[in-house]
Amino acid sequence: MSAESRSPLSLELVSFIEGAVPSVWALEVLLLLRRNAGASWAVDPIVAELRASPQLVTDCLTGLERAGLVARDADGFHYAPASAILRDLGDALEAAYRERPVAVVKTIASRRPDPLRGFADSFRFRGWKS
């Protein structure tokens, strides 16, 4: 059984996620900027919108910038895929997350050394109380 037949996501999309989206937090930052394409966001409004920590958002933005998905300007960061291929993959990622969120999250979590730790950390970063 091939990897593609085990996953509802295409191999191309899985490779993209594994290479460019290291966490669900990075996915949420990317999708926020994508939904507001054309607008620049400073770190603090992203922190407020996602209820995340400034360091976490900064780390996500740095990684997404390195992956060629966002760019920095004088006002902050904005969605700016460096190529048409990256734009198409961003579109496919947004559609996949809307239609198959569990498959996308599983793909992201499977690349982490300890998926349960990443899941637990997501609650810690949001400031949820146990």
Side-chain angles (χ1 to χ4, degrees):
M1 179 180 265
S2 72
E4 189 168 20
S5 64
R6 287 190 302 260
S7 173
L9 307 176
S10 72
L11 286 178
E12 182 180 43
L13 185 56
V14 168
S15 293
F16 171 67
I17 292 168
E18 289 174 346
V21 186
S23 67
V24 175
W25 283 108
L27 172 65
E28 292 293 339
V29 169
L30 177 64
L31 294 178
L32 175 67
L33 296 180
R34 187 182 173 284
R35 281 191 306 269
N36 297 281
S40 288
W41 287 69
V43 170
D44 289 341
I46 297 171
V47 166
E49 181 74 21
L50 299 179
R51 292 183 235 131
S53 73
Q55 185 62 53
L56 177 66
V57 168
T58 299
D59 291 347
C60 290
L61 289 166
T62 300
L64 293 169
E65 183 180 28
R66 211 174 17 251
L69 294 166
V70 303
R72 187 184 318 225
D73 60 27
D75 297 321
F77 292 85
H78 61 277
Y79 182 68
S83 70
I85 292 171
L86 286 175
R87 185 191 65 239
D88 293 346
L89 286 166
D91 294 347
L93 177 58
E94 187 277 328
Y97 192 54
R98 183 179 58 245
E99 297 165 9
R100 296 179 179 93
V102 172
V104 172
V105 170
K106 279 185 175 182
T107 300
I108 293 168
S110 70
R111 69 183 293 263
R112 297 179 63 89
D114 182 359
L116 292 177
R117 159 80 69 207
F119 181 74
D121 285 349
S122 70
F123 291 97
R124 181 174 56 97
F125 286 122
R126 281 199 187 248
W128 294 6
K129 298 181 184 202
S130 54

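Only a predicted model underlies this, so the values are computations on that prediction, with no experimental measurement involved. Residue numbers run from 1 in the order of the sequence given.
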Seminar exercise, completed: Scanning both residues in full, the closest heavy-atom pair of Leu89 with Glu12 reads CD2-CG, 3.8 Å
Exercise. Which residues satisfy the side-chain hydrogen bond (donor to acceptor under 3.5 Å, both in side chains) test with Tyr79, sequence neighbours excluded?
Worked result: none
Seminar exercise, completed: With sequence neighbours left out, the residues meeting side-chain contact (heavy atoms from CB on, under 4.5 Å) with Thr58 are Val43, Thr62
For this session: Return the minimal non-hydrogen interatomic distance between Cys60 and Ser23, and the atom names on each side.
Result: SG-OG, 4.2 Å
Exercise. What residues form a side-chain hydrogen bond (donor to acceptor under 3.5 Å, both in side chains) with Glu49, not counting sequence neighbours?
Worked result: none
Exercise. So which pairs with a foot in residues 66-79 pass salt bridge (charged side-chain N to carboxylate O under 4.0 Å, His left out), sequence neighbours left out?
Worked result: Glu65-Arg72
For this session: Return the minimal non-hydrogen interatomic distance between Ala52 and Val57, and the atom names on each side.
Result: CB-CG2, 3.8 Å
Exercise. How long is the span from the CG atom in Leu69 to the CG atom in Leu33, to the nearest 0.5 Å?
Worked result: 10.0 Å
Seminar exercise, completed: All heavy atoms of Leu9 vs all of Val14, minimum pair found to be CB-CG2, 3.8 Å
Exercise. If we only count heavy atoms from C-beta on, is the Val104 to Val21 side-chain gap below 4.5 Å?
Worked result: no
Problem set entry | Test log, rule side chain to side chain contact (heavy atoms under 4.5 Å, CB included), inputs Leu27 and Leu93 | CA-CA 9 Å; Leu27 172 65; Leu93 177 58; 3.7 Å; yes
For this session: Can you measure from CZ (Phe77) to CG (Leu64) and round to the nearest 0.5 angstrom?
Result: 9.5 Å
For this session: Could you pull out all residues at least two apart from Glu94 that satisfy side-chain hydrogen bond (donor to acceptor under 3.5 Å, both in side chains)?
Result: Arg98
Problem set entry | Rounded distance [0.5 Å steps], CD1 in Ile46 versus CG in Leu61 | 4.5 Å
Exercise. Excluding sequence neighbours, so at least two apart, what forms side-chain contact (heavy atoms from CB on, under 4.5 Å) with Asn36?
Worked result: Leu32, Ala39, Trp41
Seminar exercise, completed: Smallest heavy-atom separation, Ala96 atom then Leu13 atom, equals CB-CD2, 3.6 Å
Exercise. What is the minimum heavy-atom distance between Arg34 and Gly90, and which atoms define it?
Worked result: NE-O, 3.5 Å
Exercise. Quick one: side-chain contact (heavy atoms from CB on, under 4.5 Å) partners of Asp88, sequence neighbours excluded?
Worked result: Asp91
Exercise. Side chains of Val70 and Val29: does their closest heavy-atom pair fall under 4.5 Å?
Worked result: no
Problem set entry | With sequence neighbours excluded, residues passing side-chain contact (heavy atoms from CB on, under 4.5 Å) with Ala82 | Leu86
